[in-house]
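Below: one structure, written as structure tokens.
Order of the sequence lines fixes the chain letters, A, B, ..., with proteins taken first and strands second; residue numbering starts at 1 for each chain.
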Number of protein chains: 2
Amino acid sequence: MKYCSISEASAKFNIPESTIRYYEKKGLLPLIERDENGRRLFSENQMALLETVICLKNTHMPISGIKQYMDWIIEGDQTIELRLEMMNNHKQAVLAEIALMTESLKRIDFKITRYQNRNYNGEEGLE
Amino acid sequence: MKYCSISEASAKFNIPESTIRYYEKKGLLPLIERDENGRRLFSENQMALLETVICLKNTHMPISGIKQYMDWIIEGDQTIELRLEMMNNHKQAVLAEIALMTESLKRIDFKITRYQNRNYNGEEGLE
DNA sequence: ATACGACTTAAACCATGGTTTAAGTCAACG
DNA sequence: CGTTGACTTAAACCATGGTTTAAGTCGTAT
């Protein structure tokens, strides 16, 4: 099994080392091993967990939620129902956010079109 | 022309009055009129501008960016090119963010499926 | 030997985006 | 007349999510 240093993990996922340390301190990355000098060793399992953290972060789950999820993973199989429910809820929240952004983007597109055509016919106000 | 009070604007867009005041203080809502007692009066134009602020906020434009856009609106037609460029750039940023969220959602969906089927065949690690 | 680079820690610091508080003004209602 | 409700202000406060700093340890290359 190959292990990664923090710099390799940082480079692989393109996030600062300081952020990885911060995540560990916040409990998002439990069970990270250390070498004989106290340096973090990321196993493939840990790299997968880090990728999961990033994935949840990309979809705007708060730190507290990610921590809860990670705590449940560590607890083991008896938390699968809880994790399933959490991911289902999160999925709905993400879909709602994407829908809101997509809707807002329509209005932005409308502005772009208006600016491109300079359609100011007196009905449009200031914008 | 009908005017709205801050409480009506708050109710219409479902955001706290304190947030509207904060936006005005930050320069996102310029030229708001006042009645003889100093209370804010939102014209239809102002309501449209507030909706624009909310739209940009929904798509995660920072306050500083929204302020720049509003400043350009106040400046008038000579800033149309700048506004067009800004909205085009912002649109690309929003599309990129939606793409990232959509991609991350795929991984979440994969977890959901795995939890539903309880497919733990020894190759999956802890999750 | 020493200096460099990669790492460690705890704690301080920072930006962003609001929210809350305290103190006050005004108009209308009982 | 007084109190209630809707509003005003400036300033303090807060949560979130990191980032930076300072001081130190280790292994390796010169």
Which listed nucleotide ([options]) is nearest to the side chain of [X]?
X: S5(B); options: dT8(C), dC7(D), dC26(D); result: dC7(D)
X: S7(A); options: dA6(C), dG27(D), dT8(D); result: dA6(C)
X: R39(A); options: dC7(D), dC26(D), dT20(D); result: dC26(D)
X: N37(B); options: dC26(C), dA11(C), dC7(C); result: dC26(C)
X: K57(A); options: dC7(C), dG18(D), dT20(C); result: dG18(D)

Got a salt bridge between E24(A) and R21(A), using NZ or NE/NH1/NH2 to carboxylate O under 4.0 Å? no
Between R107(A) and E51(B), is the closest basic N to carboxylate O distance under 4.0 Å? yes
Please state how far atom [atom1] in [X] lies from atom [atom2] in [N], giving the value in whole angstrom units.
X: F42(A); N: dT8(C); atom1: CZ; atom2: P; result: 8 Å
X: H60(A); N: dG18(D); atom1: NE2; atom2: P; result: 11 Å
X: I15(B); N: dT19(C); atom1: CD1; atom2: C1'; result: 13 Å
X: Y22(B); N: dA10(D); atom1: OH; atom2: C1'; result: 15 Å
X: L28(A); N: dG18(D); atom1: CG; atom2: C1'; result: 12 Å
X: M61(B); N: dG18(C); atom1: CE; atom2: P; result: 14 Å
X: N58(B); N: dG18(C); atom1: CG; atom2: P; result: 11 Å
X: R21(B); N: dA6(D); atom1: CZ; atom2: P; result: 12 Å

So with a 6.0 Å cut-off around CG of N37(A), is the heavy-atom count from everything else above 12? yes
Heavy-atom neighbours of N14(A) CG exceed 12 at 6.0 Å: no
Verify the contact: side-chain N or O of R34(A) to OP1 or OP2 of dC26(D), cut-off strictly under 4.0 Å; return yes or no. no
Can you tell me if Y23(A) touches the phosphate of dG18(D), counting only side-chain N or O atoms and a distance under 4.0 Å to OP1 or OP2? yes
Under 4.0 Å, counting only non-hydrogen atoms across every strand here, what does T19(B) touch: a base, just sugar-phosphate, or nothing? sugar-phosphate
Report which part of the nucleic acid R40(B) touches: base, sugar-phosphate, or nothing (heavy-atom distance under 4.0 Å, all strands). sugar-phosphate
L29(B) side chain near M70(B) side chain, heavy-atom distance below 4.5 Å: no
What are the two closest non-hydrogen atoms of L56(B) and H90(B), and how far apart are they? CD2-CD2, 4.0 Å
Smallest heavy-atom separation, C55(B) atom then S104(A) atom, equals SG-O, 3.3 Å
So, R83(B) and Y69(B): side-chain donor and acceptor under 3.5 Å apart, yes or no? no
Looking at residues 62-73 of chain B, who's got a heavy atom less than 4.0 Å off DNA chain D? none
When the nearest nucleotide of DNA chain D is assigned to E36(A) and to K25(A) on a heavy-atom basis, which residue is associated with the more 5' position? K25(A)
